[in-house]
**Student:** 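Take this structure, written in structure tokens, and hold onto it; I'll ask about it next.
Counting starts at 1 for both ligands and their atoms, following the listed order.
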Amino acid sequence: MVKPRNPIMVDEAINKVMRHKWEAETELVSLENCDLRRLAAPFIATHNIPFFHKSPYDGFAIRAEDTKYSTDEDPVVFEVIDYIGAGQLPRNELGEGQATRIMTGAKIPQGANCVVMLEDCYTYQKDGIHYMELAKKMEENQNIIKEGSELAKGTLLVDRGAIINPGIKALLATFGYHQVEVIKKPLIGVIATGTELLEPDEDLESGKIYNSNAYMILSQIKRAGGDPSYYGKLDDDVTSSYSRIKRVLQEVDILITTGGVSVGDFDLMPELYNMLGATTLFNKVAMRPGSVTTVAVKGKKLLFGLSGNPSACYVGFELFVRPMIRGIMHQKNVCMKRVKAKLDDDFPKMNPYTRYVRGQLSYQGRELYVQLAGIDHSNVVSSLAYTTCLIEIPGGKEKYEKGDELEVLLLEDMEGQANFR
Ligand SMILES: Nc1nc2c(c(=O)[nH]1)N[C@H]1C(S)=C(S)[C@@H](COP(=O)(O)OP(=O)(O)OC[C@H]3O[C@@H](n4cnc5c(N)ncnc54)[C@H](O)[C@@H]3O)O[C@H]1N2
Ligand code: MOO
Ligand SMILES: [Mg+2]
């Protein structure tokens, strides 16, 4: 007789996993290669932005007080004493009745306190001297971008753990970082188990299938922020599987296997965990698909035994491995973000367990709707191509219908949320 397993709730399973979280080390990467990495330390402004008072326009820097009596009929005339473009430094301090021709981004000369746009000025030359005539009044500080007006030195710009996006990258460059300290990605090994598996470059044979799970998981690891490494597939053979898994476990931070976690004759993972001396945290979760998801721990290393059924494997990863990867990488929001959406299809199937149905989100007007991404079976792979969220369908007797509001977990959102619920 097969010993019945004791299912635990999804939240409890996540908590059990998260108790084994550790904090990743940090490393330096070049600015060019820091995209989508996580900042290892709070990012603080090391100087004022702008670093000097500068001109927002092409024009003339002058003293506002010199325009006090300027009118259309009686424009004020300035002697142009200097000419500077962005990147050049003013050579002369400005005195009464003097102007510096200045371009956008250039440093405001000493003595000047406003900038007039070229369009407002009439310029001419007489006896080799340049003049500028202005028929309007100006105010002090008009058209000057003040030092520190955008950011003051010492401002916290972005918190530790933030994912580097193009804007953060621009800010890193703004503060002169050519190397960036980022959180090291945990190294996650992937092994597929099953004598029936073929690699994509092998010829298809009857009774065999292509190994899709391993490639799917490698991609899920990347999406969650980890560093995946594929260690190939294993036949359902205890001796060779044990030696491979034991060796791989020495090389990686986390090991994910797919298949062999149920109660079948060739489901070897429970036995292999025993042989490895790993402690099983749970081997049954009250959910569908992925009820057979098994997690074990050996020392600091976690072993995720995901189901062989593709949809179950996918869901098991997102519910249990994603938060662990994010937690290790100092993220506060380790879980998937939950939002409410209206069902766009009937869902008549009832199950005592909570279901995580693969769904696809879309807006209809201002309302968020979710459609089933395809056939809702654990052994199905095709629906995963269209999946952008997991629809949480509470266990029990209720049938759900088109228009019912349910909670969905977002798979492609980077922000996440702190807790599962
Ligand atoms: N008597 C019982 N049988 C089953 C139970 C149960 O409770 N009692 N649970 C079922 C559930 S639920 C699931 S889910 C599966 C889990 O199976 P395993 O995790 O043991 O996985 P395998 O037996 O190795 O394979 C299952 C299925 O998936 C295919 N597979 C495996 N690896 C891959 C891969 N890398 N790529 C694509 N497809 C893969 C495999 O060929 C099988 O068809 O057990 C139920 N049975
Ligand atoms: O682990 Mo199974 O997926 O519940 O169908
Ligand atoms: Mg099996």
**Student:** Of the choices Pro270, Ser307, Gly290, Gly308, which has the non-hydrogen atom that lies closest to atom 32 (N) of ligand 1?
**Tutor:** Gly308
**Student:** Would you confirm whether Asp413, through its side chain, and Met336, through its main-chain N or O, come within 3.5 Å as a donor-acceptor pair?
**Tutor:** no
**Student:** For Asn309, is the nearest heavy atom under 4.0 Å from an atom of ligand 1?
**Tutor:** yes
**Student:** Do me a favour and list the nearest non-hydrogen protein atom to atom 7 (O) of ligand 1 with residue, atom name and distance?
**Tutor:** Lys284 NZ, 3.9 Å
**Student:** Tell me which one of Ser262, Ala312, Ala192, Ser291 gets a heavy atom nearest to atom 44 (O) of ligand 1.
**Tutor:** Ser262
**Student:** Are any of the N/O atoms in Val292 less than 3.5 Å from those in ligand 2?
**Tutor:** yes
**Student:** Can you find a pair of side-chain heavy atoms, one from Glu199 and one from Tyr215, that are under 4.5 Å apart?
**Tutor:** yes
**Student:** Should Thr26 and Glu181 be marked as a side-chain hydrogen bond (donor to acceptor under 3.5 Å, both in side chains) after you check the CA-CA gap, both sets of side-chain angles, and the distance that decides it?
**Tutor:** CA-CA 7 Å; Thr26 65; Glu181 198 187 357; 2.8 Å; yes
**Student:** Under a 4.0 angstrom heavy-atom cut-off, which atoms of ligand 1 come close to Asn211?
**Tutor:** 34 (C), 35 (N), 36 (N)
**Student:** Give a yes or no on whether the backbone of Lys153 and the side-chain of Asn48 come within a donor-acceptor separation of less than 3.5 Å.
**Tutor:** yes
**Student:** If we only count heavy atoms from C-beta on, is the Val238 to Met275 side-chain gap below 4.5 Å?
**Tutor:** yes
**Student:** Report the nearest protein non-hydrogen atom to atom 33 (C) of ligand 1: residue, atom name, distance rounded to 0.1 Å.
**Tutor:** Asn213 ND2, 3.3 Å
**Student:** Which residue, Arg288, Arg421, Arg355, forms the salt bridge (charged side-chain N to carboxylate O under 4.0 Å, His left out) with Glu392?
**Tutor:** Arg421
**Student:** Does the residue Ser212 have a heavy-atom contact with ligand 1, meaning some pair of atoms that are separated by less than 4.0 Å?
**Tutor:** yes
**Student:** What do we get for Val292 next to ligand 1 when only non-hydrogen atoms under 4.0 Å count, side chain, backbone, both or neither?
**Tutor:** side chain
**Student:** Ignoring angles and geometry beyond distance, decide whether Ala214 reaches within less than 3.5 Å of ligand 1 through its nitrogen or oxygen atoms.
**Tutor:** no
**Student:** What protein heavy atom lies closest to atom 40 (C) of ligand 1? Include the residue and the distance to one decimal.
**Tutor:** Glu196 OE2, 3.0 Å
**Student:** Tell me yes or no: between the side chains of Tyr231 and Glu251, is some donor less than 3.5 Å from an acceptor?
**Tutor:** yes
**Student:** Are side-chain N/O atoms of Gln98 and Asn92 paired as donor and acceptor at under 3.5 Å?
**Tutor:** no
**Student:** Tell me whether ligand 1 is touched by Gly264 - counting only heavy atoms on the residue side and a distance under 4.0 Å.
**Tutor:** no
**Student:** Could an N or O of ligand 1 be found under 3.5 Å from any N or O of Leu197, whether backbone or side chain?
**Tutor:** no
**Student:** Is the closest basic N to carboxylate O distance between Lys340 and Glu405 below 4.0 Å?
**Tutor:** no
**Student:** Given 3.5 Å as the limit, does a donor-acceptor pair link the side chain of Thr354 with the main chain of Pro394, or not?
**Tutor:** no
**Student:** Decide whether the shortest distance between a heavy atom of Gly194 and an atom of ligand 1 is less than 4.0 Å.
**Tutor:** no
**Student:** Can you sort out which atoms of ligand 2 are near Ala312, meaning under 4.0 Å from one of its heavy atoms?
**Tutor:** 3 (O)
**Student:** Can you label the angle between the His47 ring and the Phe175 ring as parallel, tilted or perpendicular, going by 30° and 60°?
**Tutor:** tilted
**Student:** Check each atom of ligand 1 against the heavy atoms of Gly260 and keep those under 4.0 Å away; list them by number with element.
**Tutor:** 18 (P), 19 (O), 20 (O), 21 (O), 22 (P), 24 (O)
**Student:** Using the ring of Tyr83 (Phe, Tyr or Trp, six-membered ring only), decide whether Arg91 places NZ or CZ under 6.0 Å from its centre and within 45 degrees of its axis.
**Tutor:** no
**Student:** Provide the number and element of each atom of ligand 2 under 4.0 Å from a heavy atom of Pro289.
**Tutor:** 3 (O), 4 (O)
**Student:** Side chain or backbone of Val263 under 4.0 Å from ligand 1, or both, or neither, by non-hydrogen atoms?
**Tutor:** side chain
**Student:** Any idea which atoms of ligand 1 are less than 4.0 Å away from a heavy-atom of Gly259?
**Tutor:** 19 (O), 21 (O), 24 (O)
**Student:** Give yes or no for whether the N/O distance cutoff of 3.5 Å, strictly under, is met between Ile209 and ligand 1.
**Tutor:** no
**Student:** Using distance alone, decide if ligand 2 has a nitrogen or oxygen within less than 3.5 Å of any nitrogen or oxygen in Ser307.
**Tutor:** no
**Student:** State the atoms of ligand 2, each with its element, that fall below the 4.0 Å cut-off from a heavy-atom position in Ser378.
**Tutor:** 2 (Mo), 3 (O), 5 (O)
**Student:** Can you name the nearest heavy-atom pair linking Leu361 to Cys389, along with the distance?
**Tutor:** CG-SG, 3.7 Å
**Student:** Carefully, step by step, assess Glu65 and Asn113 under the rule side-chain hydrogen bond (donor to acceptor under 3.5 Å, both in side chains).
**Tutor:** CA-CA 9 Å; Glu65 52 271 39; Asn113 58 19; 3.0 Å; yes
**Student:** When only distance counts, is Ser291 in polar contact with ligand 2, meaning an N/O pair under 3.5 Å?
**Tutor:** yes
**Student:** Are the side chain of Asn143 and the backbone N or O of Val115 linked by a donor-acceptor pair below 3.5 Å?
**Tutor:** yes
**Student:** Under 4.0 Å from any heavy atom of Ser378, which atoms of ligand 1 are there?
**Tutor:** 14 (S)
**Student:** Of the side chain and backbone of Asp267, name the one, both, or neither that has a heavy atom under 4.0 Å from an atom of ligand 1.
**Tutor:** side chain
**Student:** Within the 4.0 Å heavy-atom shell around Gly290, which atoms of ligand 2 are there?
**Tutor:** 1 (O), 2 (Mo), 3 (O), 4 (O)
